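Nothing here was measured: the structure is a model prediction, and the numbers come from that model. Proteins get letters first, then strands, A, B, ... in listed order; numbering begins at 1 in each.
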Amino acid sequence: DGGITQSPKYLFRKEGQNVTLSCEQNLNHDAMYWYRQDPGQGLRLIYYSQIVNDFQKGDIAEGYSVSREKKESFPLTVTSAQKNPTAFYLCASRESVGLSYGYTFGSGTRLTVV
Amino acid sequence: AQTVTQSQPEMSVQEAETVTLSCTYDTSESDYYLFWYKQPPSRQMILVIRQEAYKQQNATENRFSVNFQKAAKSFSLKISDSQLGDAAMYFCAYMWRGATNKLIFGTGTLLAVQP
């Protein structure tokens with residue numbers, strides 16, 4: 001079955017550490033997105049990529065980095081510069097046509113700073 | 001800037017009754033899509049219903065329907081015959097049919113269904 005796989009489901013980070021969240025899709029979608037979800041704030045866009053080897057900052061990119069070396073993969077690194085990284089992170093993808101179908105989402109990663 | 005507003009942080013409905021969740025948005029564009037997503041306790045985002053702005057007819061999916069008022073920039077979701085499984089966080093979202101196709105979300109409405 002096609003879909004988006006995010007791993008790990010739960011991740012714990014110590015202060016000052018960088019951590020990488022994985023997002024893999026086998027839907028052959030060109031565009032991929034990372035969102036952060038905090039209570040009472042909905043989903044906010046961190047980074048997005050519309051094609052391999054290209055990506056753009058979203059609304060809250062500070063303290064995060066991404067890469068898009070393969071169409072299937074869009075990992076997100078939470079760096080030590082991100083002051084408040086504890087949140088739920090969702091990855092999504094979108095096909096090039098059929099925009100009315102919106103995004104397909106992964107099941108998310110819960111990141112906690114310890 | 002495009003924004004989406006959900007003014008009801010929490011709602012409650014009795015099982016088998018009908019409930020309406022509100023959503024307003026702000027945009028200067030004319031070609032866009034609107035969506036309602038459901039996020040149950042599992043936190044998986046599930047597409048409930050979608051509306052294309054150029055279509056005047058309101059979208060319907062089984063027990064779910066929308067009231068799309070383009071001039072008022074309003075996009076409410078009506079859930080009929082509410083079921084316990086409808087209990088979830090509901091997000092309204094907007095996507096401009098432009099270069100980036102970014103989804104912009106509201107802050108969500110937490111729906112409780114009382115047996």
Side-chain angles (χ1 to χ4, degrees), chain A residues 1 3-6 8-11 21 23 25 27 29-51 54-61 87-112, chain B residues 1-10 21 23-25 29 31-55 57 59 61 66 68 75 77 88-110:
Chain A
D1 287 339
I4 298 180
T5 301
Q6 288 189 244
K9 190 170 184 176
Y10 299 97
L11 187 57
L21 283 60
C23 178
Q25 55 102 354
L27 299 164
H29 286 176
D30 287 314
M32 297 187 73
Y33 304 80
W34 274 106
Y35 284 87
R36 169 177 171 145
Q37 185 176 9
D38 296 282
Q41 297 197 51
L43 280 71
R44 294 180 291 166
L45 183 64
I46 305 172
Y47 267 98
Y48 64 100
S49 168
Q50 298 192 87
I51 196 168
D54 187 45
F55 49 83
Q56 288 79 39
K57 293 181 179 179
D59 301 318
I60 56 166
F88 187 67
Y89 292 86
L90 279 163
C91 179
S93 70
R94 174 186 59 75
E95 59 184 79
S96 298
V97 296
L99 295 176
S100 66
Y101 292 94
Y103 294 3
T104 300
F105 285 87
S107 55
T109 293
R110 175 70 185 176
L111 173 62
T112 303
Chain B
Q2 295 136 353
T3 58
V4 177
T5 302
Q6 293 179 250
S7 59
Q8 306 155 315
E10 297 182 13
L21 308 185
C23 173
T24 58
Y25 58 96
E29 306 296 338
D31 192 5
Y32 53 87
Y33 302 98
L34 296 163
F35 305 87
W36 278 98
Y37 280 89
K38 171 185 178 181
Q39 188 181 44
S42 67
R43 307 200 78 169
Q44 179 71 51
M45 294 289 281
I46 302 165
L47 179 64
V48 174
I49 198 166
R50 60 183 181 266
Q51 176 79 42
E52 292 155 300
Y54 66 87
K55 290 186 177 179
Q57 186 174 6
E61 291 286 344
V66 298
F68 174 48
F75 183 61
L77 174 70
M89 180 73 84
Y90 286 82
F91 291 100
C92 179
Y94 162 97
M95 179 199 290
W96 172 49
R97 193 176 175 176
T100 61
N101 305 124
K102 294 185 290 184
L103 259 182
I104 300 169
F105 287 87
T107 52
T109 296
L110 183 61

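- With a threshold of 4.5 angstrom between heavy atoms, A/Arg44 does not approach chain B through any atom at all.
- Here the shortest heavy-atom pairing between B/Asn101 and A/Tyr103 reads O-OH, 2.7 Å.
- Within a 6.0 Å radius of CD1 in A/Ile51, other residues, nucleotides and ligands contribute 12 heavy atoms or fewer.
- The side-chain contact (heavy atoms from CB on, under 4.5 Å) check on A/Leu45 picks up A/Tyr33, A/Tyr35, A/Tyr48, A/Asp59, B/Lys102, with sequence neighbours excluded.
- Contacts with chain A were tallied for B/Met45, B/Met89, B/Arg43; B/Arg43 has the most, counting heavy-atom pairs under 4.5 Å.
- For the atom pair CD1 of B/Ile46 and OG1 of A/Thr104, the computed distance is 12.0 Å after rounding to the nearest 0.5 Å.
- Closest approach of B/Gln39 to A/Leu90, counting heavy atoms only: NE2-CD1, 4.1 Å.
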